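Taking it in order: structure first as structure tokens, then the write-up.
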Amino acid sequence: MGIGEKIRDALDSFARRHAVDEKSVKALIRDIERILISSDVDVEIVLKLGKEIEKEALAQELKKGLTLREHVLRVVYDKLVQVMGEGYTMPLKKGRIMVAGIYGVGKTTTAVKLAKYLMKKGLSAAVLGADLSRPAALDQLRQLAEENGVRYYGIKEGIEELPSVISGIKEDVVIVDSAGRDGMDERLKKDLQRTYELAKPDEVFLVVSADMGQEAKAQAIAFREAVPLSALIVTRVDGSGKGGAALSSASAAGAKVAFIGTGEKVGDFEEYDPKSYIARLLGMPDIKAIMEKFKEAGIEAQEIPEEITADVLLQQIKQARKAGPLDQLFSMVGMKAKKDEAAEKMKKIIAIIESMTKEERKDVEIVKKSKSRMARIAKGAGVGEKDVASFIKEFEKMKKLFDKVKKDRKLRGELEKMVKNFG
Ligand code: GDP
Ligand code: MG
């Protein structure tokens with residue numbers, strides 16, 4: 001079970017309690033502390049968080065209309081968001097960016113991801129290989145850049161070439177992939193400082209991996225002594241149960257986080273927002289991220305229709321396949337599915353909808369009310385009746401979500417409200 005699921009379980013069992021009192025609140029806090037510590041979050045951070053939750057959950061006067069239960073859940077959510085630190089918004093303008101970090105954290109991948117991100121935002125961007133520490137490093141960057149339609153530049157013999165290479169670059173933004181090492185030492189420090197002096201970057205991002213967990217703090221401190229850092233980029237937030245540990249420890253080091261890497265593909269890269277992070281960790285839909293994915297896939301908001309019917313969903317699913325890994329899309333809309341399961345599930349859903357009559361696709365309610373319709377659809381789709389029933393349940397959940405979104409143009413505001421009301 002992942003950390004998010006564990007916390008959600010703890011919150012669920014708290015929310016289902018008959019009586020909420022000081023004892024049950026304290027038990028919830030101990031549960032959360034235990035879960036966070038076992039996922040490598042710094043003990044000091046956890047204990048401070050626990051204390052703060054306890055103080056606010058029990059001492060504060062209840063807001064009008066809020067039960068103690070709701071109040072506690074809201075405090076927990078707010079504090080979790082707080083402990084995950086602040087996001088750093090990179091200005092979208094012409095300039096130079098340097099990425100730094102030790103070996104294997106995802107620096108080179110991140111350089112190309114960042115270039116792609118800027119290109120999506122309408123700037124032209126190129127990458128510059130300045131890592132002569134390993135013979136294959138420049139080739140790796142060049143290849144990844146070329147595969148993804150990003151212009152590559154590189155130095156050949158020595159770091160002193162940097163200024164002349166940079167002066168020949170026409171793109172709005174150049175991202176310099178600097179040399180790494182196994183750890184911070186005097187040589188790396190010197191290399192970084194030299195690269196910094198020669199490249200004169202506007203932004204320096206330290207790349208750390210979520211697998212590092214609370215080690216991210218020490219990294220931030222060590223690199224900050226060598227060069228001025230704008231913010232961190234945390235990679236492998238997808239595969240590691242230690243994302244929360246890395247993010248909270250970055251914050252404890254006083255560093256902001258600009259982006260997170262959520263997969264190996266170049267598109268698996270997002271602006272970091274602690275609210276979205278916690279919302280998704282706890283399995284609540286992050287509407288803004290969904291909309292971004294749709295936009296990237298060329299599905300414009302106006303194509304999202306007035307009403308969500310099964311037919312519309314079918315079209316959306318077929319289009320969404322262009323938007324990226326299905327398991328990610330699933331988790332964004334609050335549906336649980338593992339990587340392979342997601343593809344299976346998508347196939348099932350398509351089969352189910354395609355086995356529905358026109359009338360049923362317009363209004364799935366009528367399927368819910370009829371056992372014979374349910375059986376006919378299951379047979380037609382080659383799935384169990386249970387699958388049909390669970391699809392209808394999930395569809396209704398999704399429909400509610402879309403209806404809510406439609407009512408309010410400020411998606412972000414809507415998400416926040418939803419998250420705050422989840423108890
Ligand atoms: P560098 O040594 O710091 O330049 O690291 P690389 O860019 O060569 O990346 C090392 C490995 O991490 C590669 O296999 C990447 O595909 C992988 N990687 C990088 N970022 C992510 C991420 O956000 N998620 C996942 N799952 N893998 C990543
Ligand atoms: Mg590299």
Side-chain angles (χ1 to χ4, degrees), residues 2 97-117 126-148 150 152-155 159 174-185 187-188 191-192 195 199 204-213 215-216 219-220 222-223 226-227 229 231-247 250 257-273 276-277 280-281 289 293 324-328 331-332 338-340 342:
I97 297 171
M98 172 173 159
V99 291
I102 59 169
Y103 279 149
V105 286
K107 237 180 358 292
T108 300
T109 316
T110 299
V112 178
K113 283 180 172 182
L114 194 51
K116 272 305 240 205
Y117 165 86
V127 292
L128 196 172
D131 180 2
L132 294 171
S133 69
R134 281 189 300 195
L138 294 178
D139 285 339
Q140 189 205 347
L141 179 65
R142 177 207 299 270
Q143 200 180 340
L144 195 61
E146 279 169 2
E147 277 169 19
N148 289 283
V150 173
Y152 168 87
Y153 299 88
I155 55 170
I159 199 81
V174 56
I175 298 147
V176 181
D177 185 18
S178 68
R181 280 283 172 332
D182 291 326
M184 179 52 88
D185 57 17
R187 255 183 77 202
L188 178 56
D191 278 359
L192 283 171
T195 307
V204 182
F205 291 121
L206 171 64
V207 182
V208 298
S209 161
D211 312 310
M212 278 181 196
E215 221 342 76
Q219 291 265 315
F223 274 79
V227 285
L229 297 180
L232 266 53
I233 296 176
V234 182
T235 64
R236 292 200 203 105
V237 168
D238 52 308
S240 170
K242 294 186 181 178
L247 290 161
V257 175
F259 298 96
I260 53 174
T262 56
E264 288 187 30
K265 294 216 185 69
V266 162
D268 300 332
F269 189 68
E270 294 173 18
E271 291 161 30
Y272 175 61
D273 172 41
S276 302
Y277 179 76
R280 262 151 69 190
L281 190 72
K293 289 271 175 205
L326 295 178
D327 54 321
Q328 287 187 11
S331 77
M332 282 184 202
K338 295 225 174 65
K339 248 190 175 68
D340 315 331

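On a predicted model such as this, the values are computed, not experimentally measured, just so you know. In what follows, residues are counted from 1 in the order of the sequence shown. Just so you know, ligand 1 is whichever comes first in the structure, and atom 1 is the first atom listed for that ligand.
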Original post:
Is the cationic atom of R142 (NZ for Lys, CZ for Arg) positioned less than 6.0 Å from the six-membered ring centroid of Y153 and within 45 degrees of its normal?
Top reply: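 Relative to the ring axis of Y153, which defines the angle, R142 lies outside at least one limit.
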
Original post:
So, K242 and D211, do they make that salt bridge, N to O below 4.0 Å?
Top reply: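 No.
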
**OP:** For the pair D131 and K107, find out whether any cationic side-chain nitrogen is under 4.0 Å from an anionic carboxylate oxygen.
**Re:**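 No, this pair does not count.
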
Check whether any side-chain heavy atom of [X] sits under 4.5 Å from a side-chain heavy atom of [Y], and report yes or no.
{"X": "L132", "Y": "L138", "value": "yes"}
{"X": "D238", "Y": "D268", "value": "no"}
{"X": "V257", "Y": "L247", "value": "yes"}

Minimum heavy-atom separation for [X] to [Y], with atom names?
{"X": "I102", "Y": "M184", "value": "CG2-N, 4.4 Å"}
{"X": "G180", "Y": "S133", "value": "O-OG, 3.8 Å"}
{"X": "L192", "Y": "S178", "value": "CD2-OG, 3.8 Å"}
{"X": "A216", "Y": "V208", "value": "CB-CG2, 4.3 Å"}

For [X], is at least one N or O under 3.5 Å away from an N or O on ligand 1?
{"X": "T109", "value": "yes"}
{"X": "T235", "value": "no"}
{"X": "T110", "value": "no"}

Which of the atoms in ligand 1, numbered in the order shown and given with their element, are less than 4.0 Å from a heavy-atom of [X]?
{"X": "G261", "result": "23 (O)"}
{"X": "T262", "result": "23 (O)"}
{"X": "K107", "result": "1 (P), 3 (O), 4 (O), 5 (O), 7 (O)"}
{"X": "R134", "result": "2 (O)"}
{"X": "D238", "result": "22 (C), 23 (O), 24 (N), 25 (C), 26 (N)"}
{"X": "G104", "result": "1 (P), 2 (O), 3 (O), 5 (O), 10 (C)"}
{"X": "I102", "result": "3 (O)"}

**OP:** Enter the distance from I260:CD1 to Y277:OH here, rounded to the nearest 0.5 Å.
**Re:**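 It is 7.5 Å, given to the nearest 0.5 Å.
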
Subject >> Rounded distance [0.5 Å steps], CZ in R236 versus OG1 in T109 >> reply: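 Here the interatomic distance stands at 8.0 Å.
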
Taking [atom] as the reference point, the nearest protein heavy atom with its distance:
{"atom": "atom 22 (C) of ligand 1", "answer": "G263 O, 3.1 Å"}
{"atom": "atom 10 (C) of ligand 1", "answer": "R236 NH2, 3.8 Å"}
{"atom": "atom 5 (O) of ligand 1", "answer": "G106 N, 3.0 Å"}
{"atom": "atom 8 (O) of ligand 1", "answer": "Q140 NE2, 2.8 Å"}

Original post:
Can Y152 and Q143 be counted as having a side-chain donor-acceptor contact under 3.5 angstrom?
Top reply: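 No, no side-chain donor-acceptor pair sits under 3.5 Å.
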
Subject >> Heavy atom of protein inside 4.0 Å of atom 27 (N) of ligand 1, strictly below >> reply: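 True for atom 27 (N) of ligand 1.
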
**OP:** Would you mind counting protein N, O or S atoms that sit less than 2.8 Å from the Mg ion (ligand 2)?
**Re:**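 Excluding waters, the total comes to 1.
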
**OP:** Specify side chain, backbone, both or neither for K113, according to which of its non-hydrogen atoms lie closer than 4.0 Å to ligand 1.
**Re:**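 For K113, only side-chain atoms sit under 4.0 Å from ligand 1.
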
Subject >> Test item, L144 contacting ligand 1 (heavy atom, 4.0 angstrom) >> reply: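 Outside the 4.0 Å threshold, so no.
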
